[in-house]
Amino acid sequence: MLLEAQGIVKAFGSFRAVDQANLVVAENELIGLIGPNGAGKSTFFNCLAGDTRPTSGTIRFRGQEITRLSPDRHARLGLARTFQVPIVFAGMTVRENVMVGALLRHPHRRRAADEADELLHFTGLAERAEMPVTALGTPGRKRVEIARALATEPRLLLLDEALAGLTSSEVEAAIELVERIHARGVTLIVVEHIMEVIHRLTERVLVFHQGRVIAEGTPAEVTADPTVIAAYLGRRRGRAQ
Ligand SMILES: Nc1ncnc2c1ncn2[C@@H]1O[C@H](COP(=O)(O)OP(=O)(O)O)[C@@H](O)[C@H]1O
Ligand SMILES: [Mg+2]
């Protein structure tokens with residue numbers, strides 16, 4: 001198994017944002033994570049990526065326990081993520097932002113720049129390479145984050161609402177980008193609200209509700225599950241997605 005997370009709890013005081021969540025991921029899977037706002041999806045990602053330490057539980061990646069390792073150790077082992085609200089280095093160009101990721105594997109600046117250029121091309125950002133990253137809107141910044149994460153050469157990439165706020169044509173391009181990332185051999189876990197995207201991209205979905213995994217299965221299975229409809233999908237009827 002590529003990743004095994006067992007009994008993950010993240011408590012803030014007496015509140016459990018993640019409450020006994022389990023997830024096993026095989027190499028080359030493309031897994032969806034869905035659930036209402038506040039269900040604990042981003043906090044779970046934070047635990048997996050080392051951005052926060054779980055209160056309890058164990059996370060193993062490529063056979064090694066990583067539960068309490070720092071985010072940079074996670075990155076070095078090949079576990080990368082993007083954030084729901086994209087984080088970019090404001091004083092830098094688009095290329096320099098991606099170079100920050102590439103420097104993890106390629107300490108020589110020239111080589112890191114070449115790697116960054118390949119990924120800027122791959123993510124459709126090549127024409128904006130010289131721009132200050134702050135000139136980009138949220139969709140562009142999300143791409144920069146994806147390019148920067150890919151530049152660390154991950155085996156597993158966690159995408160937290162990478163498609164949120166995109167127009168329908170941008171969503172199409174983003175779906176295609178996720179497919180191309182998967183085709184590169186990167187295993188993916190995507191947090192995504194648009195069910196059509198989940199249906200098109202993923203073969204296995206976990207449904208989070210109140211910090212717990214309440215259902216797991218194919219997109220068709222979970223969307224037909226009465227528990228999931230009651231906790232999540234039912235509330236969404238009539239919303240414009
Ligand atoms: N640092 C924190 N301190 C206290 N509560 C938090 C913190 N981070 C997240 N939470 C709470 O944990 C719950 C889960 O949040 P989150 O993981 O962001 O959910 P999701 O990504 O599924 O929308 C929410 O109720 C949120 O307010
Ligand atoms: Mg979230």
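For ligands, and for the atoms within them, numbers begin at 1 and follow the listed sequence.
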[atom]: nearest protein contact (heavy atom, Å):
atom                    : value
atom 12 (O) of ligand 1 : A17 CB, 3.3 Å
atom 3 (N) of ligand 1  : F12 CD2, 3.4 Å
atom 23 (O) of ligand 1 : G38 N, 2.7 Å
atom 15 (O) of ligand 1 : T43 OG1, 3.8 Å

Closer than 2.8 Å to the Mg ion (ligand 2), do we get an N, O or S atom from N37, backbone or side chain?
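Under 2.8 Å: N37 has no N, O or S contact with the Mg ion (ligand 2).
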Would S42 count as a contact for the Mg ion (ligand 2), in the sense that one of its N, O or S atoms lies under 2.8 Å from it?
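An N, O or S atom of S42 is closer than 2.8 Å to the Mg ion (ligand 2), so yes.
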Is any heavy atom of the protein nearer than 4.0 Å to atom 1 (N) of ligand 1?
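Within 4.0 Å of atom 1 (N) of ligand 1, protein heavy atoms are found.
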Is the NZ or CZ atom of R212 positioned over F208's six-membered ring, under 6.0 angstrom from the centre and within 45° of the axis?
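Output no; distance or angle outside limits.
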Geometric cation-pi criterion R184 and F122, 6.0 Å radius, 45° cone
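Because its charged atom sits under 6.0 Å from the ring centre and within 45° of the axis, R184 does stack over F122.
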Can you tell whether the side chains of [X] and [Y] come within less than 4.0 Å, N to carboxylate O?
X    : Y    : value
R200 : E172 : yes
D117 : R95  : yes
R81  : D51  : yes

Within-shell test, F15 vs ligand 1, heavy atom, strictly < 4.0 Å:
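The answer is yes, since F15 has a heavy atom less than 4.0 Å from ligand 1.
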Heteroatom distance test (G40, ligand 1): nitrogen or oxygen, under 3.5 angstrom:
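It does: an N or O of G40 is found under 3.5 Å from an N or O of ligand 1.
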Closest to atom 21 (O) of ligand 1 (judged by heavy-atom distance), picking from A39, G211, S42, A11
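Looking at heavy atoms only, S42 sits closest to atom 21 (O) of ligand 1.
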